[in-house]
There are 2 protein chains.
Amino acid sequence: MAQQKPVERHSGVSLWRQIADRIRVSIADGEFRETGRLPPAFELATRFGVNRHTVRAALAFLAEEGLVESIQGHGTLIVGNRQLTLPIGRRTRFSAGVGDQASSVTTRLLHSAELPAPAEIAALLRIAPERPVIEVEEAGYVDDRPVSCSQHFFPADRFPDIAHHLIAIGSITRAFAACGLPDYLRASTEVSARHADARERELMKLSPGAIVLEARAVNTDLDDQPVQCSRTRFSADRVSLRMTT
Amino acid sequence: MAQQKPVERHSGVSLWRQIADRIRVSIADGEFRETGRLPPAFELATRFGVNRHTVRAALAFLAEEGLVESIQGHGTLIVGNRQLTLPIGRRTRFSAGVGDQASSVTTRLLHSAELPAPAEIAALLRIAPERPVIEVEEAGYVDDRPVSCSQHFFPADRFPDIAHHLIAIGSITRAFAACGLPDYLRASTEVSARHADARERELMKLSPGAIVLEARAVNTDLDDQPVQCSRTRFSADRVSLRMTT
DNA sequence: TTCAGTTGTCTAGATTAATAGACAACTACC
DNA sequence: GGTAGTTGTCTATTAATCTAGACAACTGAA
């Protein structure tokens, strides 16, 4: 942080919003780790070159997000944080990847359905268009904070029961195992970034204007046959991706 | 686009700004490819549920960016676009990766210097802290549109003259070759996303609030010895990254 | 030429965001 | 108990954003 970057006026983004965003990344960078709390509001106001009330609006917004908590007479405490790094390589697995960065890693199945494959999905899975695919939507949580939401497609001809296994077991890796596929590999991952849409914001409890990292991946079996393609959106505030080639 | 997603009020982001952002992604998605121009302003206004003047502010902003051009009495034409996909794998090269997606791919060297390695850089390059490194900053252009800016670090002990070669030749791959390194591999790439800072916006002509994809990479020689680490920021509107593992 | 369709400009008013200052309320520490 | 340091609340004012309506200016086609 510090006063070297003043806020931008007339940019279409309100000052309190810019300030909230910058404080959020400062917290993620560990800038206030020593004290565990933010500098007083009037000091932040002079740093950013705005009025104390404007800073207060930013802090109220961050408090709404659950990132900080203001206590009258005392200060503003940092209560939530954590930036995760998720490794992506040949053997990418969501829960294993987070590893020791967190104490609990869970996924929640939101929805599943069987439908004829859209052209794009069929091409990625290398099946004929309109052949049935199983679509599964799930959300990922780390220490009970939502960090991702994803959409998976499996060829229904090969894994007709994978949705039932997923519901029962909860893990894609183990659902594959239950379908007779003990191992699989990540063939490709395409990453882009954009603003979160309304549904993503709802699922991951993001604020308007938040950024998501979108990873489109294809997994194959050991014979290089596609077994799954998926589209996972990560909250960019909470996750970065590390590719190992 | 379409009216199913109304704009959000009191989100800290002005309505014209939200509308500009959404029209920008609609254009990138090819939504108006048939006509080559946007619907009339009053129609956009009803779609988004705002006043025509608000839409006009959004269009003026996009025109400032060079993405559209309004012609009185005629309509609003889409004049600039293109979303590139840059492959990232063992043999990632900037100019080769863009390949046939564009007719011209160039880089411009902005700055170079020799300095003692900061701790983080030294660790990535596996050299002793404070040993000299060559820092090079450059910008990447595709069809004369800026799409990236990057910072590269090379161990000065091994490649003392790489900056001179880079100035003379312009290509990192060929500068390495001139330093006696005919081939090198991408060891790791870490990708994150955030809002562009002031300098990135200036270099890539981005609007305030634009998103950048940041890729931190390490390249090694064939003996797995690091030869370069770099930090490249791509305009997320213009580039997506495709990892092949 | 006419006219429907579109963008450009102007004025006015309502709503929201930001500034300014004063003071109350609370905490921690002496 | 007192006090320095901090957040909470209130009022008032100014600036920016959004809405509303009217009409001018221009384009392309009938």
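All values derive from a computational prediction rather than experimental measurement. Residue numbering restarts at 1 for every chain, and letters A, B, ... go by the order of the sequence lines.
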Quiz prompt | Atom CZ of Arg93(B): over 12 foreign heavy atoms under 6.0 Å | solution = yes
Exercise. Let me know the distance between CG of Asn51(B) and P of dA12(C), rounded to the nearest Å.
Key: 17 Å
Exercise. Find the distance Phe48(A):CZ to dA18(C):P and express it as a whole number of Å.
Key: 14 Å
Quiz item: Between Arg56(B) (CZ) and dA20(D) (P), how many Å, whole number?
Solution: 17 Å
Exercise. Give the nucleotide from the list dA17(C), dT19(C), dG8(D) with an atom nearest to the side chain of Trp16(A).
Key: dA17(C)
Self-check item: Protein-nucleotide distance (Phe42(B), atom CZ; dA20(D), atom P), rounded to Å
Solution: 16 Å
Produce the list of close N/O pairs, under 3.5 Å, pairing protein atoms with atoms of nucleotides 26-28 of chain C; give distances to one decimal.
none

Self-check item: Gap between atom CZ of Phe61(A) and atom CD1 of Ile23(A) - 0.5 Å precision
Solution: 11.5 Å
Quiz item: How far does CZ of Arg37(A) sit from CG of Leu77(A), to the nearest 0.5 angstrom?
Solution: 7.0 Å
Practice problem: Examine dT7(C): is either OP1 or OP2 under 4.0 Å from a nitrogen or oxygen in the side chain of Thr76(B)? Give yes or no. | Solution: yes
Self-check item: hbond_proxy Arg52(B) side chain to dT9(C) base (donor-acceptor, 3.5 Å cutoff)
Solution: yes
Quiz item: Nearest nucleotide by nearest heavy atom, which residue falls closer to the 5' end of DNA chain D, His10(A) or Arg37(A)?
Solution: Arg37(A)
Quiz item: dT6(C) P sits how many Å from Leu59(B) CG, rounded?
Solution: 14 Å
Quiz item: Pro40(A) has a side chain; which of dC18(D), dA18(C), dT6(D) sits nearest to it?
Solution: dT6(D)
Exercise. Measure the shortest side-chain to side-chain distance between Glu135(B) and His111(B) over non-hydrogen atoms and say whether it is less than 4.5 angstrom.
Key: yes
Practice problem: Among dT7(C), dT7(D), dT19(D), find the nucleotide with the atom closest to the side chain of Ala41(B). | Solution: dT7(C)
Quiz item: In terms of side-chain heavy atoms of Ser70(A), which of dT19(D), dA17(C), dT7(D) is nearest?
Solution: dT7(D)
Quiz item: What nucleotide, of dT19(C), dT9(D), dT19(D), holds the atom closest to the side chain of His53(B)?
Solution: dT19(D)
Exercise. Take atom CG of Leu44(B) and atom P of dT19(D), then tell me their distance rounded to the nearest Å.
Key: 14 Å
Exercise. Count the heavy atoms of every other residue, nucleotide or ligand shown that sit under 6.0 Å from CD of Glu64(A), and state whether that count exceeds 12.
Key: no
Practice problem: For side chain to side chain contact (heavy atoms under 4.5 Å, CB included), just list the numbers for Gln151(A) and Arg233(A), CA-CA rounded to whole Å, side-chain angles, deciding distance to a tenth of an Å, and then say yes or no. | Solution: CA-CA 9 Å; Gln151(A) 213 180 2; Arg233(A) 288 87 84 204; 4.3 Å; yes
Exercise. Any chance you could measure Ser148(A), atom OG, to Leu213(A), atom CG, to the nearest 0.5 Å?
Key: 11.5 Å
Self-check item: Rounded interatomic separation in angstrom, taking CG from Leu15(B) and C1' from dA16(D)
Solution: 13 Å
